[in-house]
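Structure, as structure tokens:
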Amino acid sequence: MTDVTDVVSPGRVAVVTGAASGIGLGFCERFAAEGMRVVMADVEEAALKSAADRVASAGGEVLPVATDVSEAEQVDALRDQTLSTFGAVHLLCNNAGVGGSHAPLWEIPLGEWEWILGVNLWGVVHGVRSFMPALLDSDAAYLVNTASIFGAFAGALGPYGISKNAVVTLTETLHFQLAELGSPIGLSVLCPGPVKTNFATSERNRPASAGPARVRDDHEQGARETFDQLWASGREPSEVADIVVEGIRARRFYLLTSTNRNEAVRRRGEQIVAGAPPTPPFP
């Protein structure tokens, strides 16, 4: 296997989930600009077609594949279409994600738990399980899992934060296992802070099985408005894509997009060692 610094380069194949908007679309545009062939996967078919047309119109070679990452067989089909079309995969970005309620955990319906964990955690599990054999067979390969800065400090934001903590741990575990194999596959976990995405409206894809969205009380509504403002003033997806490409080339494991939560990350580690209860990670 060649040096993974060659992964983001002309002719290589990138697969990106959650590719129709936000960070995922930013990835696709940057990878295409680097001359990569890009497989774009998203659950929103109309938005996916529009995004794929946008990338293709800029000169990218694109394969759009409608995919619900919470369904194992659909991720397997994504892999199969990738390999049948391009013959290889060199870069996988498990990026799809949804938000959800900030309510007390015991008040959140089971269906909503299943929806959030299904996309945010099981989507990554399915991506790893399905694509890893192909990555291991590639002459150069890299895997990027999108978590969140909420996955790097003390728990917050309900099932969303829980799922993102799990993605960080999953990626760390995968790092150790690949090292034990002596595999040179590159690996990063992206922990972004606020980014200008459609994250705040992810309930547009809420399945019927999740039940109706919770009617927020004044406290929850205020918290949601605060986070919406943060996201609206966040980084551009193209900036995050630049950070990720630079991180891949430098083989950085943890990829953060801002420094404003560094103290919360440090504080969590200190509290664990001291046996102290966690303190709120923000403001």
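Hydrogens, waters and symmetry mates are skipped; everything else that's a heavy atom, side chains included, is used. Please read all numbers here as calculations on a predicted model, not as lab measurements.
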Minimal non-hydrogen separation, Ile116 against Pro159, with atom names: CD1-CB, 3.8 Å
Is the shortest side-chain heavy-atom distance between Leu190 and Asn145 below 4.5 Å? no
Please check: side-chain N/O of Thr85 versus main-chain N/O of Thr82, any donor-acceptor pairing under 3.5 Å? no
Do the non-hydrogen side-chain atoms of Thr17 and Phe27 ever get within less than 4.5 Å of each other? no
Would you say the side chain of Pro237 lies within less than 4.5 Å of the side chain of Leu25, judging by non-hydrogen atoms? no
If we ignore hydrogens and angles and just use 3.5 Å, is the side chain of Gln74 paired with the main-chain N or O of Asp68 as donor and acceptor? yes
With the threshold set at 4.0 Å, does a side-chain nitrogen-carboxylate oxygen contact exist between Asp139 and Arg12? yes
Whether His90 side chain and Val7 backbone form a donor-acceptor pair below 3.5 Å: no
Would you please say whether a donor-acceptor pair under 3.5 Å links the side chains of Asp76 and Ser130? yes
Mind checking the OH-NE2 spacing from Tyr254 to His175? Nearest 0.5 Å is all I need. 8.0 Å
Ser188 and Tyr142: side chain donor to acceptor below 3.5 Å: yes
Under a single-linkage definition using a 4.5 Å side-chain heavy-atom cutoff for Ile, Leu, Val, Met, Phe, Trp and Tyr, are Val43 and Leu117 assigned to the same hydrophobic cluster? no
Cluster overlap Val125 with Val168, hydrophobic side-chain contacts below 4.5 Å: yes
Go through it in stages, so that I can follow the logic: the residues are Phe31 and Cys93, the test is side chain to side chain contact (heavy atoms under 4.5 Å, CB included), and I'd like the CA-CA distance, side-chain angles, deciding distance and then a yes or no. CA-CA 11 Å; Phe31 297 154; Cys93 295; 3.8 Å; yes
Minimum heavy-atom separation for Arg37 to Gly11, with atom names? NH2-O, 2.7 Å
Would you say the side-chain atoms of Arg30 and Ser238 include a donor-acceptor pair closer than 3.5 Å? no
Check: Leu136 and Ile185 side chains under 4.5 Å, non-hydrogen atoms: yes
Who pairs with Arg54 by side chain to side chain donor-acceptor pair (under 3.5 Å), at least two apart in sequence or on another chain? Glu29
More than 12 heavy atoms of other residues, nucleotides or ligands under 6.0 Å from CD of Glu263: is that the case? yes
Closest heavy-atom pair and its distance - Arg79, Phe131: CA-CZ, 3.4 Å
From Met132 CE over to Leu174 CG, what is the distance, rounded to the nearest 0.5 angstrom? 4.5 Å
In Å and rounded to the nearest 0.5 Å, what is the OG1 to CG distance from Thr257 to Asp242? 12.0 Å
At their closest point, which heavy atom of Ile149 faces which heavy atom of Gly193, and how far apart are they? CG2-CA, 4.0 Å
Output the distance between atom OG (Ser148) and atom CG (Asn165), rounded to the nearest 0.5 Å. 9.0 Å
Asn94 vs Val144, side chain to side chain contact (heavy atoms under 4.5 Å, CB included): CA-CA, chis, key distance, verdict: CA-CA 6 Å; Asn94 287 315; Val144 178; over 6 Å; no
Applying the 4.5 Å side-chain criterion to the ILVMFWY set and letting contacts propagate, would Ile243 and Val245 be lumped into a single cluster? no
Quick one: does any side-chain atom of Glu236 pair with a main-chain N or O of Lys196 as donor and acceptor, under 3.5 Å? no
Can you check whether Asn120 reaches Val98 side chain to side chain, under 4.5 Å on heavy atoms? yes
Tell me, please, which residues at least two apart from Glu246 pass side chain to side chain donor-acceptor pair (under 3.5 Å). none
Fit a plane to each ring of Phe153 and Phe150, take the angle between them on a 0 to 90° scale, and name the class: parallel (under 30°), tilted (30 to 60°) or perpendicular (over 60°). perpendicular
Any chance you could lay out the side-chain hydrogen bond (donor to acceptor under 3.5 Å, both in side chains) test for Glu34 and Ser9, step after step, and finish with the verdict? CA-CA 6 Å; Glu34 294 278 352; Ser9 58; over 6 Å; no
Give a yes or no on whether the backbone of Ala46 and the side-chain of Ser50 come within a donor-acceptor separation of less than 3.5 Å. no
Side chain to side chain, Val8 and Met36, heavy atoms closer than 4.5 Å: yes
Show the numbers, then the answer: is there a side chain to side chain contact (heavy atoms under 4.5 Å, CB included) between Leu256 and Asn262? CA-CA 9 Å; Leu256 277 63; Asn262 285 3; 3.8 Å; yes
Considering non-hydrogen atoms only, spot the tightest contact between Val189 and Ala147 and give its length. CG2-CB, 3.8 Å
Output for pair (Leu105 CG, Glu107 CD), nearest 0.5 Å, gives 9.5 Å
May I ask you to decide if Pro280's main-chain N or O and Arg267's side chain share a donor-acceptor pair within less than 3.5 Å? yes
Only one of Thr67, Leu48, Val65, Val15 clears side chain to side chain contact (heavy atoms under 4.5 Å, CB included) with Met40; which? Leu48
Quick one about Glu114 and Ser209 (side-chain donor to acceptor, distance below 3.5 Å, no hydrogens or angles considered), yes or no? no
Atom of Ile108, atom of Ala103 and distance for their closest heavy-atom approach: CD1-O, 3.6 Å
Just so I know, are the side chains of Leu91 and Val16 near enough to count as touching, which here means a heavy-atom distance under 4.5 Å? no
Could you walk me through whether Thr279 and Gln271 pass the side chain to side chain contact (heavy atoms under 4.5 Å, CB included) check? CA-CA 9 Å; Thr279 53; Gln271 289 164 341; 2.8 Å; yes
Output the distance between atom CG (Leu187) and atom CG (Leu92), rounded to the nearest 0.5 Å. 10.5 Å
Can you list the residues that meet the side chain to side chain donor-acceptor pair (under 3.5 Å) rule with Asn95, with sequence neighbours excluded? Thr146
Would you call Leu143 and Thr171 a side-chain contact if the rule is heavy atoms closer than 4.5 Å? no
